[in-house]
J.: 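Dropping the structure in here first, questions after.
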2 protein chains.
Amino acid sequence: MKISTKGRYGLKAMIDIAVYATENQTSLKNIALRQDISEAYLEQLIASLKKAGLVKSTRGAKGGYVLALPPEEIKIGTVLRVLEGSLSPVDCQKNGCHENCDCCVSKTVWSRLEESLNDAADAITLQELAQDYIKVNNIQR
Amino acid sequence: MKISTKGRYGLKAMIDIAVYATENQTSLKNIALRQDISEAYLEQLIASLKKAGLVKSTRGAKGGYVLALPPEEIKIGTVLRVLEGSLSPVDCQKNGCHENCDCCVSKTVWSRLEESLNDAADAITLQELAQDYIKVNNIQR
DNA sequence: TTAATTCCAACTAAATTAGTTGGAATTAAA
DNA sequence: TTTAATTCCAACTAATTTAGTTGGAATTAA
């Protein structure tokens, strides 16, 4: 029941973009350096975030990434669902799913857990985390 | 962010024991058969449940398992924490943990997620799931 | 034209999860 | 007192997923 590096690194990257790409876009390279993440790996994660419409890119020299929305409109739940696939604690889309499959009697458990995770994550915005980051790391703007 | 087979199978086994080990204990073999789980694998999971004091065993012929507590006193959160290690979405016990590690600025996210998971899972008892199981599977007693 | 960048697909390595094997110890019942 | 059914234990292997790498094409500012 762990968030993988996709979720962890991807969220860090979103915070980084929120903090550093205010005037200008910021490059993958710089995000990776500041956040201490493998550049090539992070590239994959940012690709998902882009596909999901959370960040925008410009290509070529001086290119980079910016948030596609104001940070107060980006819920952490949205970010994590994009990166992790979903926050559902089980996959049960079998069409032959009957009453004794893993998910069925315990379905009430999994759906309540998922709902509570979604609610908790959707109650936090990127704005809040970016502000914490600025404070904690004493960033001048 | 998935519950593994440990959590899924282990919870099924707990429900099975709650349902079938009322008068007599029920054997690993029968639990595994009814729940369609590898017997040898389930053995490992039940060992954790036993170690955690959730089930009791008797050895030898006609031996088997029973719940160590009444099912209304067993929270699903307890069962899942035993089987999955914890419901925390991250491991961050590094002692050199500083402000830019994966967990720190996002710490508020992970701790809120963990809390909401624990609360949701602790609000459900084994009793409830066992009753659902009996109903859904039309079990005569 | 060059250097810096995003974008893309396929590959490899590492770690975790899932499951197996073999056998010792215990106990009820024939 | 033997046998069969069972729990208990430790180590091994297989499968899957996660994490990360590689190589290069396309784009663009300077």
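Just so we're on the same page: letters track the sequence lines, and every chain starts at 1.
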J.: At 4.0 Å (heavy atoms only), tell me whether I46(A) reaches a base, stays on the sugar-phosphate, or touches nothing.
T.: nothing

J.: I'd like to compare against my own output: the B/S/- annotation of nucleotides 19-30 of chain D with a strict under-4.0 Å heavy-atom distance to protein.
T.: SBBB---BBBS-

J.: Please assess L117(B) against M1(A) for the test side-chain contact (heavy atoms from CB on, under 4.5 Å), listing each intermediate value before the final yes or no.
T.: CA-CA 10 Å; L117(B) 272 180; M1(A) 201 60 183; 4.0 Å; yes

J.: When the distance from CD of E84(B) to P of dT16(C) is rounded to whole Å, what number comes out?
T.: 14 Å

J.: Tell me whether L69(A) is reachable from L126(A) by hopping between hydrophobic residues (I, L, V, M, F, W, Y) whose side-chain heavy atoms are closer than 4.5 Å.
T.: yes

J.: Please name the nucleotide paired to dT28(D) by Watson-Crick or G-U wobble geometry with both distances under 3.5 Å, or report none.
T.: dA3(C)

J.: dG22(C) pairs with which nucleotide, Watson-Crick or G-U wobble, both distances below 3.5 Å?
T.: dC9(D)

J.: Would you kindly give the NZ-to-P distance between K29(B) and dA5(D), to the nearest whole Å?
T.: 7 Å

J.: Does OP1 or OP2 of dT6(C) have a side-chain N or O of K50(A) closer than 4.0 Å?
T.: no

J.: Let me know the distance between NZ of K2(A) and C1' of dT16(C), rounded to the nearest Å.
T.: 13 Å

J.: Under 4.0 Å between a side-chain N or O of S57(B) and OP1 or OP2 of dC8(D)?
T.: yes

J.: Any Lys/Arg nitrogen of R81(A) or D122(A) sitting under 4.0 Å from an Asp/Glu carboxylate oxygen of the other?
T.: yes

J.: When the distance from CG of L49(A) to P of dT6(C) is rounded to whole Å, what number comes out?
T.: 14 Å

J.: Rounded to whole Å, please give me the gap between CD1 in I17(A) and C1' in dT6(C).
T.: 13 Å

J.: Could you tell me the separation between the CG atom of L45(B) and the P atom of dC9(D), rounded to a whole number of Å?
T.: 15 Å

J.: Let me confirm one number: the CG-CG distance from L28(B) to D16(B), rounded to the nearest 0.5 Å.
T.: 10.5 Å

J.: Run through L129(A), T78(A), V19(A), V79(A) and flag the one making a side-chain contact (heavy atoms from CB on, under 4.5 Å) with M14(A).
T.: V79(A)

J.: Between A121(A) and L87(A), what is the shortest heavy-atom contact and its length?
T.: CB-CD1, 4.3 Å

J.: Quick one: K51(B) NZ to dT7(D) C1', roughly how many Å, whole number?
T.: 17 Å

J.: Side chains of I3(A) and W110(B): does their closest heavy-atom pair fall under 4.5 Å?
T.: yes

J.: Using whole Å, report how far NZ of K12(B) lies from C1' of dA18(C).
T.: 15 Å

